[in-house]
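Naming convention: chains lettered A, B, ... in sequence-line order (proteins, then strands); numbering from 1 in each chain.
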Amino acid sequence: MSGLLLVGAGGLAREALAAARAAGAPVLGFLDDDPARHGEVVDGVRVLGGSELVHEHPDAGVLVCVASPVRPTARAKVVARLGLARERYATLVHPAASVAAGVELGEGSIVLAGVVVTAPQRVGAHVVAMPHVLLTHDDAVGDCVILAGRVALAGGVRVGESAYLGAGALVRQGVHIGQEAVIGMGAVVLTDVPAGETWAGVPAARLRRST
Amino acid sequence: MSGLLLVGAGGLAREALAAARAAGAPVLGFLDDDPARHGEVVDGVRVLGGSELVHEHPDAGVLVCVASPVRPTARAKVVARLGLARERYATLVHPAASVAAGVELGEGSIVLAGVVVTAPQRVGAHVVAMPHVLLTHDDAVGDCVILAGRVALAGGVRVGESAYLGAGALVRQGVHIGQEAVIGMGAVVLTDVPAGETWAGVPAARLRRST
Amino acid sequence: MSGLLLVGAGGLAREALAAARAAGAPVLGFLDDDPARHGEVVDGVRVLGGSELVHEHPDAGVLVCVASPVRPTARAKVVARLGLARERYATLVHPAASVAAGVELGEGSIVLAGVVVTAPQRVGAHVVAMPHVLLTHDDAVGDCVILAGRVALAGGVRVGESAYLGAGALVRQGVHIGQEAVIGMGAVVLTDVPAGETWAGVPAARLRRST
């Protein structure tokens, strides 16, 4: 691999750049579909052009650095649009994360500083685990899930594809969070959350069905 | 010490195994009183038999890996039943924990990744500090206390024996949590909690007197 | 620099001492304005005398170790009273903190174990970031701000001078917390907080105007 290409040039992309530097992984550039940003230098790295440039750098490892609680499927859509083979994606684990031996981390996933994964388990592809996220025994996090800073899953929690868990959310043992569900910042989730719903509060309750 | 014996073969035992591997400590096996599990291999380590086997391995260091919010005294009862000399117990501190020089950690205690203990203090025997637990200056955590992931104690907090603090619970400076009390996930504890009671919520209030 | 002088001899000072030891930085002593403590030895280090002694040790690096939610301006007042040149202040970062390359940390600031700063940004002078604090992209923390254990700021949060954020507080993306504001333990702050006000709860709301 010649280096990393970061798709996106916003906050998560900057955090991925810092994590890559901490890990000693070279970053070739940012790719952003906003033409106004092309040529811009962010934290010392250039926005090379649009995301279609992934195809012009076949030796580069790709990381999608897009995350939005408003559009939880945004990440999966970027992955689908790029249409890359799985091998084209890198994984990025900050050296200040603690991931147990035997954890399988899917392609394209990003694990930032302070994250702890306590025991062997499968973590999906294109997952984002922001700082201080905690995954414990027997959790199952699906593809394209975004875990904002300090999300903690007790044991045996399942999180469906493209769900978004807001900062500091706590999830009780054995709970199932459906795909594309959105969990609010600081929520304490004691019961299962159906797919596509938005829950928040202590304890968490449904806010509205997403459209 | 020839290696570790982990009493229990559930989630906490698997997390202790992963921590022991990270620390470079050999694990001889799990011991579980459910005969159906004898011979099972969990994360590459065998369930050797029931907990009475601790007596057949006099050179092994023992760690009780039992934790239950429903029966907060379960841990102390296992310790009492085993009847081992204190020297038979190991302590386990994940290398990704940060424990200040001068902290005294009682025998049989388990400290997982991301835990921070900021200043010298006594931590009891057979305590479990799950990932990201935070102990600050002048705290006093009693024997057999279980601190679930991300529990944070402000300064000068006392926690009585066999109390169970749920994930993410925050405890205000100077508060005293009585023995065998149970604190709910995400609770913010602003006042003293009497022994044996269950408190939850923000701010925490009594749920019911335990029986 | 001949070593550190810690102004204060309470809990934060003890935690700073432990962090300095972990970082390999020698500590000359505590300075405390309570004459009753002069000569006392705390965690192996002596209280040398009152804070005016900073002037008798011109080679020492100074750290103000005072933090109070009741008087959020106490820290700034000590700094003003000492009247030292900026170069007299040290900065202290625990080796178990993860601070991104490119972060500018103002003089006199203290960063304890488990803190994560994800991306380049300016952190003010005399800031205290207690364990597990999380600063993310594009945050701007002002001078003399105190971030208690496990405070997490989402992206683009601004915190005004001498604000005090209680343990575990979560702040939503883009929010502005005014100077000398006080945020309660466990609060989830979704909207801007005016200067000098005290907010708490989930979601956070105003408690009272500070006097």
- With a 4.5 angstrom heavy-atom cut-off, which part of C/Ala152 approaches chain A: side chain, backbone, both or neither? both
- Query: So what's closer than 4.5 Å to chain A heavy atoms on C/Val116: side chain, backbone, both or neither?
  - Reply: both
- Message: I'd like to know which of A/Gly11, A/Gly10, A/Ala18, A/Pro95 tops the heavy-atom pair count under 4.5 Å against chain C.
- Response: A/Gly11
- Query: Do you know which of A/Ala113, A/Gly201, A/Ala96 has the most heavy-atom pairs with chain C at a distance under 4.5 angstrom?
  - Reply: A/Ala113
- Does anything in residues 25-33 of chain C get under 4.5 Å of chain A by heavy atoms, and if so which residues? none
- Query: Can you name the residues of residues 128-148 of chain A that have some heavy atom under 4.5 Å away from a heavy atom in chain C?
  - Reply: A/Pro131, A/His132
Verify the neighbour count for atom [atom1] of [X]: are there more than 12 heavy atoms of other residues, nucleotides or ligands below 6.0 Å?
{"X": "C/Arg71", "atom1": "CZ", "answer": "no"}
{"X": "C/Arg88", "atom1": "CZ", "answer": "yes"}
{"X": "A/Arg158", "atom1": "CZ", "answer": "no"}

- side chain to side chain contact (heavy atoms under 4.5 Å, CB included) test vs A/Met185 passes for just one of C/Val189, C/Val188, C/Val171, namely C/Val188
- Query: Using non-hydrogen atoms only, which part of A/Ala22 is less than 4.5 Å away from chain C: side chain, backbone, both, or neither?
  - Reply: neither
- Note on the structure: What one should report as the nearest heavy-atom pair of C/Pro120 and A/Arg14 is O-NH2, 3.0 Å
- Message: Quick one: does any side-chain atom of A/Arg150 pair with a main-chain N or O of C/Arg150 as donor and acceptor, under 3.5 Å?
- Response: yes
